[in-house]
Amino acid sequence: MTAPDPVATTPATVERRSWLPMVSLFLAQVLMSFNVAALPVSLGGMVEDFGVPPTVVSSTIVVYGLVVAALVMTGAKIGQRVGWVLVFRVVVVTFGVSALLMIFSPTVGWAIAGQSLAGASAAIIVPALVALIAENYRGAQQATAIGALGSARAISGVSAFFLGGALGTLVGWRPVFGIVLLLAVAVLAFSFTLRSDGGNADVHIDVVAAVLIGVAVMLLTLGFNNLNTWGLFYATPDAPFDVGGVSPAPVLVLCGVVLGQTFFWWTRRRMAAGRVPLVDLSVLASPRERAAVYAMFIIVALEGALNFTVPLYVQIVQGRTPFDTALAMMPFNLTVFVTATLVVRFYRRYPPRTIGVFGFVLTTAALLWLSFVVTNNWETLPTILGLFVFGVGQGALVTLVFNVLVTSAPTSRAGDVGSIRGTTQNLASAVGTAIAGALLVTLLSFNVGRAVVEHVEIPPSLVAQVDLDAVNFVSNDELRGVLEGTDATPEQVEAAVQVNEETRLDTLRLGLLILAGVSATAILPASRLPGYTPDEIPDPETSGGPDPDAR
């Protein structure tokens, strides 16, 4: 097959536009990412302020992610109907209102309502960012703008940890959301530089599809997020209910998968009848677009798994502070920020296929390396090197696959691309975090049980007193505190602590090795990404798209 002739998207013919509109879009991504990163930092202060358990306060995090993932496809259709600039400004204002609810919330219920409103606003902002980039920029400028969104996510996480930690320590948790409010005001001010076509009143929202995908995503997110708490298969005492002794978590996941398949069946049926779908599945018509979505899911899930694993070991196992966690993650976050910004410079020389394969080779090698060199101290040079290499691969991939989806779709379907991006990223992050938690706890339980049998100096009577087989990730000091309430001798205490250290490290290494295997599975699909460079990209408005086998 011969690739279609390139049209006016080459660097020589594309009109260069002011970067001022991009300031609003960049800050909008910072706004959402900063809000998400600020929530974990604020948990301690909110628990103390509202006088409720941490599990209740953590609902603010859960409800935000649920609302975004459930409504993002509907949000894309609202933007297409009303007009992207107008709806963008409206939801930025509502995001600011959510920050006010957080700042002045008298009870935790008001805080949960605030994050629900923030999630509903983000469900429209996410596809709006893609649509507005597609309408305001072309060619190399568009690729740079997309890279900026990836870097905004990384820098927001770092700044939220430092600013949130400092404000939470010196003033309190509420001023952290004062920063969110200021960001919303800045985004609104710069939004008046954006250009956009008016909305299309003929666009209708498929209510059936909206309900199907909304409920499916909610069930999948709730199921995956609670695999560890409610039980991987059999229900735990913390499960709200059980189905014949089976945990509700896998049941919710199964129901979510069924509803998701029903959504795709309904959408294809609607498109075949010539009716407007909730999301145009033609943006996933070719193998290269499906490969891009699969690659995005894998890399975001791996990022979520790593972002869960490092804080788990730094704060829970080592008993250190959130600030120490920020320092431990600094090589990764800064590398993602720099790579996401600079990778666009390689687009002229290397096609997406080459960068994608190389990116997954890097993430696989980094996780494999970490599984061998990692210790209970995250500040060693080999560990920092592993996080650095993983950050390079992750930053390049997130920007790359996003760019592939945007450049392969006409501007009129940019909102559909944005909704698919938002659903994929939110679901992948939840799945990656949940799977990492369930995997590590399961491996730890297995390793502890085996180690207890192998260490004859730990008698069965002591195991019965502390239920060592059920011990979760705890620091050595916490374990010693537990053993103080038993009749353990000093020698037995030290033996138990040694078991704790060995099994935690073995679990971490095996978990990283499994994640490396997951990363490796994406190398082959990444080879199906497009084989063209930017000067060969046909205009998707006038052609069927470039030949995936070009070059």
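Although no hydrogens or angles enter the test, the distance criterion places a donor-acceptor pair under 3.5 Å between the side chain of Thr193 and the main chain of Phe190. Remark: side-chain polar atoms of Ser24 are not paired, donor with acceptor, to backbone N or O of Pro21 under 3.5 angstrom.
One finds the CD1 atom of Ile298 at 11.5 Å from the OG1 atom of Thr424 (value rounded to the nearest 0.5 Å). Atom OG of Ser121 is separated from atom OH of Tyr64 by 8.5 Å, given to the nearest 0.5 angstrom. In this structure, Leu25 CG and Ile125 CD1 are separated by 10.5 Å, a value rounded to the nearest 0.5 Å.
Residues meeting the side chain to side chain contact (heavy atoms under 4.5 Å, CB included) test with Val276, sequence neighbours left out: Lys77.
Between Val300 and Met296, the closest side-chain pair of non-hydrogen atoms falls below 4.5 Å. Between Phe88 and Val187 there is a side-chain heavy-atom pair separated by less than 4.5 Å. Side chains of Ile205 and Thr74 form a contact here, defined as non-hydrogen atoms less than 4.5 Å apart. Counting heavy atoms from C-beta outward, Arg268 and Phe263 have side chains that stay 4.5 Å or more apart. Annotation: side chain of Leu385 is not in contact with side chain of Leu387 (no heavy-atom distance under 4.5 Å). Looking only at side-chain heavy atoms (C-beta outward), Tyr350 and Phe358 stay at 4.5 Å or farther from each other. Looking at heavy atoms from C-beta onward, Leu512 lies out of side-chain contact with Phe372 at the 4.5 angstrom threshold. Looking at Arg288 and Leu529, their side chains never come closer than 4.5 Å, going by heavy atoms from C-beta outward.
Residue Met218 qualifies as open at atom CE: its count of foreign heavy atoms under 6.0 Å is 12 or below.
Ring-centre distance between Phe388 and Phe332: not below the 6.0 Å cut-off.
The only option from Val85, Val92, Leu86 that meets the side chain to side chain contact (heavy atoms under 4.5 Å, CB included) definition with Arg89 turns out to be Val85.
A donor-acceptor pair shorter than 3.5 Å can be found between the side chains of Thr363 and Ser519.
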